[in-house]
Amino acid sequence: TRGDLYVIITVIEDSRFEIHGINLVANLEITSIEAMTGTEKEVTGIDGSTFLIKIPVGCQFGTKFGLQGKGLYQMNTQHRGDLIINTIINTPVLTAAQLKTI
């Protein structure tokens, strides 16, 4: 017999990402040395694929890098949102002895 089919989808939170519409936002922690000198970092997308992000020399806290088409799919289309990488710079805590040398 014919009838209605109901599908319930539950989105499980992933601590690595925040969802903003179809875009995903992730934080990338780098050291202050990496921010000053520049570096390359590998980030993992929602589907497990990895991407190389080039951190430029003099990168500032909160600098954002976008990976187009690496976010969530828009419903009923093949269009994907972006993966936005937000840089967080970890500043080391110096000991008293280290502070004396500065």
Side-chain angles (χ1 to χ4, degrees):
T1 64
R2 293 181 185 209
D4 296 332
L5 172 65
Y6 296 96
V7 178
I8 298 172
I9 298 174
T10 304
V11 178
I12 300 171
E13 286 190 38
D14 187 327
S15 61
R16 299 173 299 156
F17 303 103
E18 290 180 20
I19 299 173
H20 295 269
I22 59 173
N23 294 328
L24 294 173
V25 178
N27 290 329
L28 175 63
E29 294 186 13
I30 61 174
T31 66
S32 53
I33 298 297
E34 290 172 328
M36 287 186 285
T37 62
T39 189
E40 291 183 346
K41 288 288 191 173
E42 197 171 86
V43 295
T44 304
I46 192 82
D47 58 359
S49 54
T50 57
F51 309 99
L52 196 61
I53 302 286
K54 285 186 103 173
I55 307 296
V57 173
C59 180
Q60 298 295 309
F61 184 94
T63 299
K64 294 179 179 11
F65 300 94
L67 297 169
Q68 286 187 326
K70 304 303 178 190
L72 299 175
Y73 282 99
Q74 186 172 8
M75 190 190 273
N76 299 323
T77 70
Q78 291 299 311
H79 175 71
R80 286 182 82 170
D82 299 334
L83 173 57
I84 300 164
I85 307 298
N86 184 35
T87 55
I88 307 294
I89 300 172
N90 287 329
T91 305
V93 177
L94 301 177
T95 65
Q98 291 171 323
L99 287 171
K100 287 181 183 178
T101 63
I102 296 178

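Just so it is clear, the structure is predicted and the values come from calculations on it, not from any experiment.
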Side-chain heavy atoms under 4.5 angstrom apart, residues restricted to Ile, Leu, Val, Met, Phe, Trp, Tyr: same cluster for [X] and [Y]?
X: Y73; Y: F51; result: no
X: V25; Y: I46; result: no
X: I88; Y: I84; result: no

What are the two closest heavy atoms between [X] and [Y], and how far apart are they?
X: L72; Y: G21; value: CD1-O, 4.1 Å
X: I55; Y: F65; value: CD1-CE1, 3.8 Å
X: I30; Y: K41; value: CG2-CE, 4.0 Å
X: E29; Y: N90; value: OE1-ND2, 2.9 Å
X: T31; Y: E34; value: N-OE1, 2.9 Å

N86 and N27, any side-chain heavy atoms less than 4.5 Å apart: yes
Do I53 and T87 come close enough that some side-chain heavy atom pair is under 4.5 Å? no
Taking atom [atom1] of [X] and atom [atom2] of [Y], what is their separation to the nearest 0.5 Å?
X: T95; Y: K100; atom1: OG1; atom2: NZ; value: 9.5 Å
X: T63; Y: I89; atom1: OG1; atom2: CD1; value: 6.5 Å
X: L99; Y: L94; atom1: CG; atom2: CG; value: 5.0 Å

Would the number of heavy atoms belonging to other residues, nucleotides or ligands and lying under 6.0 Å from [atom1] of [X] be above 12?
X: E13; atom1: CD; value: no
X: D47; atom1: CG; value: yes
X: Q98; atom1: CD; value: yes

Using a 3.5 Å distance criterion without hydrogens, assess whether the side chain of T37 forms a donor-acceptor pair with backbone atoms of I33. yes
Sidechain-backbone polar pair: N23 side chain, D82 backbone, donor-acceptor under 3.5 Å: yes
